[in-house]
Amino acid sequence: MTRQPTPESSRDNAIFSLDNKRVWVAGHRGMVGSALMRRLRRERCELLTVARGELDLRRQAEVEHWMRESQPQVVLIAAATVGGIHANRSRADEFIYDNLAIAMNVVHTAAEIGVEKLLFLGSSCIYPKLCTQPMTEDQLLSGPLEPTNQWYAIAKLAGLMLAKAYRVRHGMDFVAALPTNLYGPGDNFDLQQGHVIAALLRKLHEAKVRGDRSVEIWGTGLPRREFLHVDDLADALVYLLTHYSGEEPVNIGSGHEVSIAELASLAAEVVGYHGELVYNTSMPDGPPRKLLDVTRMTELGWRPRTPLFKGLQDAYACYLSQLPRPAPIDMVA
Ligand code: GFB
């Protein structure tokens, strides 16, 4: 019997306990939501979920009705319309409308029904395009946004400010986190809509299977990105919920960055692909860097556990596990 880690809420210096609380993970089937479910199952709380088919979080009256009926005491908003650089650029209206509506409806109703603790999720991509690196939380709204994801960023910035407004005026204990680029179980492996790590693992795997001589990488390979395994994020979010209460958002990252070219080489090593990596510079690079300053989270006492190479191996194993199984060969009687 493996020793169960100490539930977060009973660790010392915790300021909020999840014990016996009704905890709603909005978006529980997404990559972040499912990681939160895995992590929260180690806590002594009651988990509430509702499928997208049962409740459209963009419909205010439906959200109000469901939340009044279910009475969550803690809410983590992991529901969002998300995607990689190409998805953000090509589905502008969806990214701003969906994410504004979700934030407005859930945060407002949480205040109306007196939710004890709410966690709102932003992203490292809501910082200005050309920010001093590493980026500190006070640099938010200090300059023009990255054009490729300004739609998503505006919606997330509005959600951050809404959560802050309910703290400032009504004293609601609503906190916000700004995660860096994420990867891991439950990632979206669609080559047009997904983020870079999922896309690279799939492209490299398929090229290896087909015996292709080269694989296309978008952009120049020069931009630098920070990556965090989604299970580390989930642990960080539970830690933040139980150890932080403040109006300023908190960066959550690994503190390390790699160039896209370095990432592609690491991914090729994990997959076992030895062909050429070819850069398609007609695709956008996005911001040159997005490294988060993680001092606040470190000072709170949390650190990530998963190094990038090990995380890539885990992500590749997840990719392989969701591939359709080859039909069993009918054994000759
Ligand atoms: O992960 P990604 O789509 O998002 O792209 P961002 C990161 C970098 O990888 C960009 C390059 O410079 C891409 O050009 N890249 C190389 C690729 N090959 C590929 C590929 O095959 N697919 C993808 N997707 N990228 C997102 C925001 O920005 O960050 C989102 O648009 C979100 O809103 C996310 O916030 C965290 O890091 O550029």
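Indexing begins at 1, ligand by ligand and atom by atom, following the structure's order. Atoms considered below: every heavy atom in the structure, side chains included; atoms not considered: hydrogens, waters and symmetry mates.
- On a distance-only criterion, Asn181 and ligand 1 share at least one N/O pair closer than 3.5 Å.
- One finds no salt bridge joining Glu64 and Arg68 here, because no Lys/Arg side-chain nitrogen approaches an Asp/Glu carboxylate oxygen to under 4.0 Å.
- The closest protein non-hydrogen atom to atom 24 (N) of ligand 1 is Gly194 O, 3.0 Å.
- With distances taken over non-hydrogen atoms, the option nearest atom 21 (O) of ligand 1 out of Gln192, Glu216, Lys203 is Lys203.
- Under the 4.0 Å criterion applied to side-chain N and carboxylate O atoms, Arg39 and Asp231 are not assigned as salt-bridge partners.
- Classification of the Tyr152-Phe95 ring pair by plane angle, with boundaries at 30° and 60°, yields perpendicular.
- Taking only nitrogen or oxygen atoms, main chain and side chain alike, Pro287 does not reach within less than 3.5 Å of ligand 1.
- Residue contacts with ligand 1, taken as heavy atom pairs separated by less than 4.0 Å, involve Ile85 via backbone and side-chain atoms alike.
- Neither the backbone nor the side chain of Met283 has a heavy atom within less than 4.0 Å of ligand 1.
- Note: Leu292 CG to Glu257 CD = 10.0 Å, rounded to the nearest 0.5 Å.
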Handout entry: Pair Glu226-Arg289, salt bridge (charged side-chain N to carboxylate O under 4.0 Å, His left out): steps then yes or no
Key = CA-CA 8 Å; Glu226 176 186 17; Arg289 294 177 69 191; over 6 Å; no

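- A salt bridge (charged side-chain N to carboxylate O under 4.0 Å, His left out) with Lys21 is found for one member of Glu46, Glu43, Glu116 and no other, namely Glu116.
- When the options Asp285, Thr220, Leu191 are ranked by their closest heavy atom to atom 10 (C) of ligand 1, first place goes to Asp285.
- Here Met297 contributes atom CE and Glu137 contributes atom CD; the two are 10.5 Å apart, rounded to the nearest 0.5 Å.
- At least one N or O atom of Val196, backbone or side chain, sits closer than 3.5 Å to an N or O atom of ligand 1.
- For ligand 1, none of its N or O atoms has an N or O atom of Cys125 under 3.5 Å away.
- Looking only at protein heavy atoms, the nearest one to atom 27 (C) of ligand 1 is Asn149 ND2, 3.5 Å.
- Relative to atom 31 (O) of ligand 1, the option among Asp190, Asn88, Leu263 with the closest non-hydrogen atom is Asn88.
- Ligand 1 has Arg225 within reach: a non-hydrogen atom of the residue lies less than 4.0 Å from it.
- In terms of N/O distances under 3.5 Å, ligand 1 is not approached by Thr180.
- Note that Lys156 lies in the cation-pi zone of Phe120, set by a 6.0 Å cut-off to the ring centre and a 45° limit from the axis.
- In this structure, Glu146 does not count as a contact residue of ligand 1, since none of its heavy atoms falls inside 4.0 Å of the ligand.
- Ring-plane geometry between Tyr319 and Phe189 is classed as tilted, the angle between the planes lying from 30 to 60 degrees on a 0 to 90 degree scale.
- Between Tyr316 and His205, the distance separating the two ring centers is shorter than 6.0 angstrom.
- Below 3.5 Å of separation, one finds an N or O of Pro284 facing an N or O of ligand 1.
- A heavy-atom separation below 4.0 Å is not found between Arg89 and ligand 1.
- Checked by distance only, ligand 1 and Tyr152 stay at 3.5 Å or farther apart across all their nitrogen or oxygen atoms.
- Side-chain polar atoms of Arg29 and Thr49 form no donor-acceptor pair below 3.5 angstrom.
- Under the 4.0 angstrom criterion for non-hydrogen atoms, Gly83 is in contact with ligand 1.
- A salt bridge links Glu94 with Arg91: the distance from a Lys NZ or Arg NE/NH1/NH2 to an Asp or Glu carboxylate oxygen falls below 4.0 Å.
- Note on ligand 1: Thr148 sits outside its first shell, no heavy atom being nearer than 4.0 Å.
- Here the protein heavy atom with the shortest distance to atom 26 (C) of ligand 1 is Lys290 NZ, 3.8 Å.
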